[in-house]
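See below for the structure under consideration.
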Amino acid sequence: MAQINIEIDGKAVQVPAGQTVMDAANQIGVYIPHFCYHKKLSIAANCRMCLVQIEKAPKPMPACATPVAEGMKVQTHSEQAVTAQKGVMEFLLINHPLDCPICDQGGECQLQDLAVGYGASASRYQEDKRVVFHKNVGPLISMEEMTRCIHCTRCVRFGQEIAGIMELGMSGRGEHAEIQSFVGRTVDSELSGNMIDLCPVGALTSKPFRYQARTWELARRKSIAPHDSLGSNLVVQVKGERVMRVLPLENEALNECWLSDKDRFSYEGLNSPDRLTAPMLKQGGEWKEVDWQTALRYVAEGLAGITKEHGADAIAALVSPHSTLEEMALAAQLVRGLGSDNVDFRLRQTDFRADGKRRGAPWLGMPVADLNSLDRILVVGSFLRKDHPLVAARLRQAVKKGRGTQHRPRHRRRLADAGARQGNRRPGPLWRSAGRHPRGAREVEGRGRAGGAGGGHADG
Amino acid sequence: MSAATFTPMTPPFAPGAYGPDAQIMKDIDGLNWRLADYLKRGGYDGLKKILAENVPPEKIIAEMKTSALRGRGGAGFPAGLKWSFMPKGYTGQKYLVCNSDEGEPGTFKDRDILRYNPHSVIEGMAIAAYAMGITVGYNYIHGEIWDTYERFEEALDEARAAGYLGDRIQGSDFSFQLHAFHGYGAYICGEETALLESMEGKKGQPRFKPPFPASFGLYGKPTTINNTETFAAVPWIINHGGEAYLRLGKPNNGGTKIFSVSGDVERPGNYEVNMGTPFAKLLEMAGGMRGGRKLKGCIPGGSSMPVVPGDIMMECDMDYDSIAKAGSMLGSGAVIIMDDTRCMVKSLLRLAYFYYEESCGQCTPCREGTGWLYRVINRIEHGEGRNEDLDLLNSLADNIQGRTICALGDAAAMPVRAFIKHYRDEFQHHIDHKRCLVPVYV
Ligand SMILES: Cc1cc2nc3c(=O)[nH]c(=O)nc-3n(C[C@H](O)[C@H](O)[C@H](O)COP(=O)(O)O)c2cc1C
Ligand code: SF4
Ligand code: SF4
Ligand code: FES
């Protein structure tokens, strides 16, 4: 693609034609303040925080939406640019509750950060502030303080473009515009937690994490997602010994900047009172807590007894496929050490005729990131959205590309249902979902919402 | 105020109701809107001629450029130039859209055209479609004029039945399907890209431009959008030539323009005059100032445009360039007349409320700024103004204008600046004395 030469704050930079001033600035590490812009979402250009001065342009232009042009000279900190940015910040704050001390986003809030640089110490706005009624969209996303919303529509675009179901929208006009779901519905996307990350303010926050800790109190431990069979990278945030929340860790090759809800919120199980934390033995029909030594001896004796009476072959281990490879390797080692070869993780497979006929380990056959650019996809027996939410998100991008259009909501809706559908015969990239999706998955969908024929949609 | 004396024009109108210069509204009496009447007035001759002679599309566009017909929807963009932006040799679907969403306060001309001369719009659109190689068109009609929408549908049926629309029009190779579409009355849906969103079944919110509709329009396809009056002027240009149309007006300001005159005049209504007609003459056509009062100010182009003081206005001609010189814009051609009984604070408050209510809420300066403007003006009007308020208003207007996605932000800001600029003492009086400078007339 043709390269375009432009200058940002006096620094020369070369970028491919079609990129925006924001892209170019990112490339050379020049920070332009922004809210609505997000590299993974479409351009909305609605917050106007990224206004910059461009030589010969009569007015400041939004960097996120202005395509580069040869010889363009951009000033991100000139008087004109900063005046415009400060003007926008003032507008953003007039109706904002400024309740940072009681806001969960405090310390990791884009608005708070930028207000330090671009906000005034006192407001010229003396009138009553707008109040936006709170909403309840289910157990994961808290929408208790929607007055904080700055209408950047990142959450809306995420639903439409990445998750594939538009569950949040901006209803109303002008000052009365507010983010909400379709008449009282909950947000059910398997990727919904990402909206919490995307929200630049404290409007969408995590319900389980609500009022639990401040971001600066948390230690960060890198880890791998246990539930999405993708090995998504994540950060476990802990306070003392307690896991307080889980966030995605960016990895373009796997999860990009997203994380599925099951991996994001399953940490709650760790702190659950129902959790088994000490070994127990059932004696006389009753569970009794015992120490590790007793428990281990009991198991060892049991295994030895079985081997003696029935032979080692009578021992088998089934390991959850959600276990890590290390755990599985250890389990295999243990069983083989006992003299048995009966170890497997394929809990739901019934046909094993292909065993031994295939060389090497079965795998996807391509890097995960390549899924985005496939032009034919055959899905067999999987309800992708439920089983592999982030793979589904990638395939959604592939379908979008194949169609060569981004503005077909009908087609996005189809996409959302792609995993659940059978035999979509429309032209374009072939979507076939062979076999049946697991019955349970449909039940999880509840309310016949996005799963079925796509008929009962909020936006349909 | 003496509002009760005015009775609206009801058909049949007296001959020449729209003024002696009228071309679009020539011989319109309010009842002769049907196809048969239109044909009697020479209707569809232009379209028939083009089809019979197989006139090359480039020639029509060249004619349009010569005519200096400028878009009548508000921005005054040359129509011929806009038509030439449509990608040539594009094989996919292209669309033609007529903007009849007329919602600008003070403007009521498109409604009259659609009601009393709908076929002129249909013919104009068919010619435009032919010139740009378009096969499908829509007319987006404001949602609050339902009867007009129904009448337009009727006119469409007539045109289809008579072979002026549909497949192989008049036996030629040219096919054009035209449909009517009605909105629900949101002002913002008059903004061309919000209109497209609305037609696509989405919330009417403007798109960021570029890309412009000529490359990414309805359903992402190349689209040309013009105002009702722009299309209505096309048949005349085809029949008489671009040169003749240009000569009706002034260089760069071709043809006639329908002005919707409202406010403190004896006979408010639509008047079609040649471009460049002195304002004083237009005022006279509208019966002069009501009760012979003094002209205090005039908004010459619809509520979005800056107000012009009476004395300057009286010297001004009615065309794009002259009005620009007087510090305002011709806009949609809604001439709002205010006499010396009008309180300018209250007038501005009324306008500010409109933009506050009609902002789509998408971009920050407009969503937040229009409400702020309204509240400050409201407190001045109600005797609670503060000394710093006028500077505050100007600074807010600065922070809105030119910083938004669409021109509604500008439209909210420009009147504020102009009102304060020209009538500052009146605003100051409100602040200082907590009451109106204008004596109460009964
Ligand atoms: C807020 C806003 C409202 C508008 N409303 C109308 C309208 O009601 N009718 C119209 O023709 N143009 C309206 N316009 C202008 C259109 O965006 C567009 O410029 C016009 O339809 C183009 O047609 P023209 O070139 O024939 O004037 C509006 C623009 C803005 C920013
Ligand atoms: S809720 Fe958050 S992400 Fe959604 S529009 Fe408001 S500020 Fe943006
Ligand atoms: S300027 Fe106002 S009406 Fe236009 S897009 Fe922005 S918020 Fe909407
Ligand atoms: S980041 Fe550019 S307008 Fe919001």
Side-chain angles (χ1 to χ4, degrees), chain A residues 35-36 42-49 51 57-62 64-67 80 83-96 123-130 150-153 156 160 166 169-178 404-410 459-460, chain B residues 186-189 196-197 200-211 216 218-221 354-372 374-376 378-379 384 386 388-389 391-393 395-406 408-410 412:
Chain A
F35 292 109
C36 68
S42 66
I43 297 167
N46 58 25
C47 76
R48 315 310 277 184
M49 192 62 210
L51 292 172
K59 52 185 187 182
M61 302 292 286
C64 69
T66 305
Q80 191 207 54
T83 310
Q85 292 156 2
K86 286 188 169 168
V88 170
M89 179 53 79
E90 179 178 37
F91 283 135
L92 281 174
L93 294 180
I94 62 169
N95 276 309
H96 190 82
S123 178
R124 296 191 288 171
Y125 186 75
Q126 317 264 312
E127 333 295 322
D128 292 344
K129 287 190 181 230
R130 162 177 70 221
I150 58 168
H151 305 86
C152 69
T153 67
V156 177
Q160 289 175 304
M166 183 178 174
M170 191 163 91
S171 65
R173 238 181 13 211
E175 235 182 54
H176 311 292
E178 50 183 287
T405 145
Q406 302 208 330
H407 287 262
R408 295 285 304 275
R410 258 152 91 52
D459 52 343
Chain B
Y187 171 62
I188 193 57
C189 289
L196 296 177
E197 289 282 299
E200 289 179 9
K202 301 184 209 146
K203 188 179 174 195
Q205 286 189 163
R207 300 175 183 163
F208 181 81
K209 289 170 275 182
F216 191 94
L218 186 61
Y219 303 116
K221 303 292 181 196
F354 177 79
Y355 293 103
Y356 165 52
E357 270 293 300
E358 296 293 338
S359 159
C360 85
Q362 194 180 185
C363 57
T364 307
C366 173
R367 178 184 63 244
E368 308 294 343
T370 48
W372 196 352
Y374 163 69
R375 290 186 175 92
V376 175
N378 192 41
R379 75 174 178 227
E384 288 156 25
R386 305 169 193 162
E388 64 276 14
D389 277 353
D391 293 337
L392 175 63
L393 285 174
S395 134
L396 294 182
D398 286 345
N399 284 347
I400 298 172
Q401 197 171 342
R403 313 259 170 94
T404 54
I405 291 180
C406 85
L408 190 140
D410 300 352

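Lettering follows sequence order; numbering is per chain, from 1. These numbers were taken from a predicted model, which means no experiment stands behind them.
The line from CG of A:N46 to SG of B:C360 is 9.0 Å long, rounded to the nearest 0.5 Å. Distance check: A:I43 CD1 to B:F208 CZ gives 8.5 Å after rounding to the nearest 0.5 Å. For the atom pair SG (A:C36) and CD (B:Q362), the distance works out to 9.5 Å, reported to the nearest 0.5 Å.
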Item to check | B:W372/A:Q126 under side-chain contact (heavy atoms from CB on, under 4.5 Å): CA gap, chis, key distance, verdict | outcome: CA-CA 9 Å; B:W372 196 352; A:Q126 317 264 312; over 6 Å; no
Checklist entry - Stepwise, does the side-chain contact (heavy atoms from CB on, under 4.5 Å) test hold for A:Y125 with B:R375? => result CA-CA 10 Å; A:Y125 186 75; B:R375 290 186 175 92; 3.5 Å; yes
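Counting only distance, with no hydrogens or angles, the side chain of B:T364 and the backbone of A:C47 share a donor-acceptor pair below 3.5 Å. A:R48 places a side-chain N or O within donor-acceptor distance of the main-chain N or O of B:R403, the cut-off being under 3.5 Å. The closest donor-acceptor contact from the side chain of B:K203 to the backbone of A:R173 lies at 3.5 Å or more, if one exists at all.
Residue with the most contacts toward chain B among A:P62, A:P60, A:A84: A:A84 (heavy-atom pairs, distance under 4.5 Å). Residue with the most contacts toward chain A among B:G369, B:G204, B:P365, B:S395: B:P365 (heavy-atom pairs, distance under 4.5 Å).
For B:E358, the parts lying under 4.5 angstrom from a heavy atom of chain A are both the backbone and the side chain. Neither the backbone nor the side chain of A:M61 comes within less than 4.5 Å of any heavy atom of chain B. Heavy atoms closer than 4.5 Å to chain B are found in both the backbone and the side chain of A:E175. Neither the backbone nor the side chain of A:P58 has a heavy atom closer than 4.5 Å to any heavy atom of chain B. No part of B:R207 comes within reach of chain A, as not one of its non-hydrogen atoms sits under 4.5 angstrom from that chain. Contact annotation for A:S171: only backbone heavy atoms (N, CA, C, O) come within less than 4.5 Å of a heavy atom of chain B. Using a 4.5 Å cut-off between heavy atoms, B:Q401 makes no contact with chain A at all. For a residue to count as touching a neighbouring chain, one of its non-hydrogen atoms must lie under 4.5 Å from one of that chain's; by this rule B:L408 does not touch chain A. Interface remark: A:L92 contributes backbone and side-chain atoms alike to the contact with chain B (heavy atom separation under 4.5 Å).
In A:D128, the CG atom is not crowded: 12 or fewer heavy atoms of neighbouring residues, nucleotides or ligands sit closer than 6.0 Å.
In terms of heavy atoms, B:R367 sits closest to A:I150 at NH2-O, 3.3 Å.
Under the 4.0 Å criterion applied to side-chain N and carboxylate O atoms, A:R130 and B:E368 are assigned as salt-bridge partners.
Relative orientation of the B:Y356 and A:H176 rings is tilted, given thresholds of 30° and 60° on the angle between their planes.
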